[in-house]
Amino acid sequence: MNKNWWVAAFIVIGILLGAGVLILVTRPPRGNPIILLPAPTPAPITVYVSGNVNRQGLYSLPVGSRLNDAIQAAGGFAEDANSSGLNLAEILVDGEQIDVPQAVSPVATGSITRLVDPLSVLVDINTASLEQLDTLPNVGPKTAQDILDYRNTHGLFGKIEDIMDVPGIGQAKFDAMKDLITVGTSP
């Protein structure tokens, strides 16, 4: 009988251990699971590079890019570019337009050659080409084409203020260009 008591105790202990293991294995885990997400990648910025670069256009660059990165994406400076006034270390923002100016060019007047800053020469909005109109502040290729289309449809501008009749040119754009444009001989 002594022997049966040990066997019964051994069976009871085995059943209790088996039940404990079964409970541990089948119960749901406690707490919330940890979910690993991929590292966020910021969307690139888009800038428009125009003026005296080798390839004008829109360029997508990583956030934190500098002006030099945009110039390099546009194929570098053109031969007649004036880079001295540009801060190549400037950090770019999304939607920015970068217009690289033309270098001061020599103009012959009789036997005297003098330097003329191209921004000091007025652009005649009645005769200017797309490229000339594109040199005006806040005027890109699309706005320049809109000016040409308006001029072809409605005729010549009577006064410089008439350029505000072109869709997309409001008071702010006009204020930026008014000292640089003319309609023939009268500014």
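When a residue number appears, it is its place in the shown sequence, counting from 1.
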Do [X] and [Y] belong together in a cluster built from hydrophobic side chains that touch within less than 4.5 Å?
| X | Y | value |
| --- | --- | --- |
| Leu22 | Ile13 | no |
| Val53 | Leu136 | no |
| Leu58 | Val49 | no |

Looking at [Y], is its backbone amide N or carbonyl O close enough to the side chain of [X] to form a donor-acceptor pair, meaning the two atoms are under 3.5 Å apart?
| X | Y | value |
| --- | --- | --- |
| Gln145 | Lys142 | no |
| Arg151 | Ala128 | yes |
| Asn126 | Leu156 | no |

Cut-off 3.5 Å, side chains only: do Thr182 and Asp124 have a donor facing an acceptor?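 Side-chain D/A pair, Thr182 to Asp124: absent.
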[Y] side chain reached by [X] side chain, heavy atoms, under 4.5 Å:
| X | Y | result |
| --- | --- | --- |
| Ile181 | Leu122 | no |
| Ile34 | Leu36 | yes |
| Asn82 | Val100 | no |
| Pro44 | Leu61 | no |
| Pro141 | Tyr48 | yes |

From [atom1] ([X]) to [atom2] ([Y]), nearest 0.5 Å:
| X | Y | atom1 | atom2 | result |
| --- | --- | --- | --- | --- |
| Ser129 | Leu148 | OG | CG | 7.5 Å |
| Leu133 | Thr135 | CG | OG1 | 7.5 Å |
| Asp99 | Asn52 | CG | CG | 8.0 Å |
| Tyr59 | Ile45 | OH | CD1 | 14.0 Å |
| Gln56 | Glu131 | CD | CD | 9.0 Å |

Tell me the closest heavy-atom pair linking Pro137 and Leu180, and the distance in Å.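 Shortest heavy-atom separation between Pro137 and Leu180 comes out as CD-CD1, 3.5 Å.
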Give me the other members of the hydrophobic cluster that Val25 sits in, counting Ile, Leu, Val, Met, Phe, Trp and Tyr linked by side-chain heavy atoms under 4.5 Å, directly or via other members.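 Reading the cluster by chain and number, Val25 sits alongside Val21.
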What verdict does the side-chain contact (heavy atoms from CB on, under 4.5 Å) test give for Leu92 and Ile98, after you've listed the backbone C-alpha separation in whole Å, the side-chain angles of each residue and the deciding distance to 0.1 Å? CA-CA 9 Å; Leu92 301 174; Ile98 301 155; 3.7 Å; yes
Under 3.5 Å, which donor-acceptor pairs link side chains of residues 157-177 to any protein atom two or more places apart or in another chain?
{"from": "Lys159", "atom 1": "NZ", "to": "Asp162", "atom 2": "OD1", "distance (Å)": "3.4"}
{"from": "Asp162", "atom 1": "OD2", "to": "Gly158", "atom 2": "N", "distance (Å)": "3.1"}
{"from": "Asp162", "atom 1": "OD2", "to": "Lys159", "atom 2": "N", "distance (Å)": "3.2"}
{"from": "Gln171", "atom 1": "NE2", "to": "Asp175", "atom 2": "OD1", "distance (Å)": "2.8"}
{"from": "Lys173", "atom 1": "NZ", "to": "Gly168", "atom 2": "O", "distance (Å)": "3.4"}

Show the atom names and distances, to 0.1 Å, of all donor-acceptor pairs under 3.5 Å that link a side chain in residues 62-77 to residues at least two apart or in another chain.
{"from": "Ser65", "atom 1": "OG", "to": "Pro62", "atom 2": "O", "distance (Å)": "2.6"}
{"from": "Arg66", "atom 1": "NH1", "to": "Ala89", "atom 2": "O", "distance (Å)": "2.7"}
{"from": "Asp69", "atom 1": "OD2", "to": "Arg66", "atom 2": "N", "distance (Å)": "2.9"}

